[in-house]
Amino acid sequence: MTDRESVPALVTAVTRAEDALASGRGQEAERLLRRALRAHSSPGRQDEPSPFDAQYFRVRGMLAAAWRMQGRYRQAERLLSLALAAAERATGGSSLTVAHLCNERGVLGKYTGHFDAAQACYLRALAIYEEAFGPDHDSVAMVCHNLAGLAHARGHSQSGEAWAARSVRIRTLLHGPDHVLTALDSAAWAALLDGCGRLHEAKHRLEQALTVFCRHFGEHSYDVAVTLHNLAAVRHRRGDLKAAGVHYTRALRLKERLLGADHPDLAPTLANLAALSETRGDAARARELYGRVVEVLHREVRAAHPTLSAARAAVDRLTVTSPTASQ
């Protein structure tokens with residue numbers, strides 16, 4: 001296959017992989033992206049940097065995203081480190097290719113608990129996108145959304161809210177209030193509003209977003225699962241434990257169905273269900289759920305990851321205090 005022949009194959013595979021990633025189909029995206037990389041590596045390829053090489057680096061970033069979706073965090077981290085270093089040499093330190101890889105590395109860092117590194121990567125990507133496109137562009141909104149999500153993961157709700165509000169403002173300006181991208185950003189904002197104690201506003205935004213997600217993705221999608229989890233958290237804070245338990249359980253079942261029973265992204269819902277069980281006085285159930293948190297996280301995240309650390313401490317505490325705990 002020549003270079004000229006490989007370009008259409010790469011473009012087609014990348015387009016289909018983008019659709020798969022947007023729908024959370026990580027394994028399908030991986031297959032398509034591996035096909036794209038084979039097209040790029042066809043006989044006759046030259047080593048000189050070219051726009052085609054920029055596309056190649058983008059494919060590697062997307063492959064890392066596909067691995068992240070499958071819970072293969074360490075594998076994704078290795079790929080991104082290599083791809084970013086190579087892209088900086090080939091395309092320059094301020095290229096859109098570098099911005100794409102920095103953003104993806106930031107997303108991964110949020111999941112693995114490398115929060116400071118994730119923040120630096122996001123801010124670098126944001127500066128590149130603002131310079132290239134101006135302040136009101138989808139790429140800028142995307143990074144603002146991700147900075148808000150990182151702040152939520154760190155428990156920094158006050159500072160994160162400004163990023164979330166900016167992303168919603170940009171999406172509303174570009175697409176209108178009922179667009180799925182606006183709903184995604186609004187749901188992320190709601191999680192921070194919850195952390196700020198503005199529970200009524202958080203609940204309203206989450207319910208609006210859930211309606212958009214069900215209409216756009218269907219009732220059994222990943223975004224529906226995340227929104228149900230966040231609605232459960234709002235109910236939990238308001239003391240409505242029964243409704244919180246229903247939403248957490250539904251969110252967990254959806255995640256297990258979509259991601260598998262041992263995916264690291266189950267951890268937040270498992271941890272919240274465990275806390276709810278402990279509040280209800282069911283120490284045995286809480287200990288079991290915290291144990292699952294440890295099991296799904298410990299191979300893929302840093303030891304100091306806050307959810308992992310808290311779950312380990314809870315298992316120890318409940319093992320000591322529960323008279324029925326097994327030794």
Side-chain angles (χ1 to χ4, degrees), residues 68 73 77 99 102-130 135 139-171 181-206 209 223 226-238 244 248 251 264-272 274-276 293 297 300-314:
R68 169 176 53 78
Y73 294 164
E77 189 170 16
C102 282
N103 180 69
E104 181 54 43
R105 200 169 187 188
V107 175
L108 182 64
K110 185 193 80 167
Y111 283 99
T112 60
H114 294 86
F115 295 146
D116 289 341
Q119 179 93 3
C121 285
Y122 280 146
L123 292 175
R124 183 179 177 188
L126 181 64
I128 294 171
Y129 286 136
E130 287 178 325
S139 296
V140 172
M142 171 188 68
V143 181
C144 289
H145 171 108
N146 290 342
L147 280 161
L150 178 63
H152 181 258
R154 304 181 84 161
H156 299 169
S157 297
Q158 295 285 348
S159 61
E161 192 195 347
W163 291 115
R166 183 180 175 189
S167 68
V168 171
R169 182 190 63 78
I170 295 171
R171 299 291 199 190
L181 291 175
T182 309
L184 287 164
D185 290 350
S186 187
W189 189 2
L192 291 157
L193 291 169
D194 176 20
C196 293
R198 292 155 63 185
L199 302 183
H200 180 74
E201 187 178 351
K203 177 175 176 290
H204 177 67
R205 286 191 173 276
L206 287 168
D223 289 295
V226 172
T227 307
L228 286 170
H229 169 98
N230 289 335
L231 274 170
V234 171
R235 297 284 193 184
H236 197 166
R237 287 183 186 273
R238 296 176 75 169
Y248 281 140
D265 197 44
L266 271 60
T269 307
L270 288 167
N272 283 14
L276 184 65
V293 173
L297 284 182
E300 296 294 341
V301 306
R302 62 196 296 251
H305 190 287
T307 303
L308 177 60
S309 298
R312 281 178 165 153

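On a predicted model such as this, the values are computed, not experimentally measured, just so you know.
For the pair V140/I170, a side-chain contact is recorded, criterion being any heavy-atom separation below 4.5 Å from C-beta on. Inter-residue side-chain proximity for L123 and Q119 is flagged as met; some heavy-atom pair is nearer than 4.5 Å.
Under a 3.5 Å cut-off, the side chain of S186 and the backbone N or O of T182 do not form any donor-acceptor pair. Between the side chain of E300 and the backbone N or O of Y73, at least one donor-acceptor pair lies under 3.5 Å. Under the 3.5 Å distance criterion, the side-chain polar atoms of Y122 are matched with a main-chain donor or acceptor of V107. Under a 3.5 Å cut-off, the side chain of H305 and the backbone N or O of Y111 do form a donor-acceptor pair.
A salt bridge is absent between E77 and R302: the closest approach of a Lys/Arg side-chain nitrogen to an acidic carboxylate oxygen does not fall below 4.0 angstrom. A salt bridge links E130 to R166: at least one charged side-chain nitrogen sits closer than 4.0 Å to a carboxylate oxygen. Remark: R154 engages D116 in a salt bridge, criterion side-chain N to carboxylate O under 4.0 Å.
Atom CG of L266 sits about 11.0 Å away from atom NE2 of H229, to the nearest 0.5 Å. With rounding to the nearest 0.5 Å, the separation of CG in N272 from CG in N230 is 9.0 Å.
Nearest heavy atom pair, residue A202 against residue D194, reads CB-N, 3.8 Å.
Side-chain contact of N103 with N146: a donor-acceptor pair under 3.5 Å is present, judged by distance alone.
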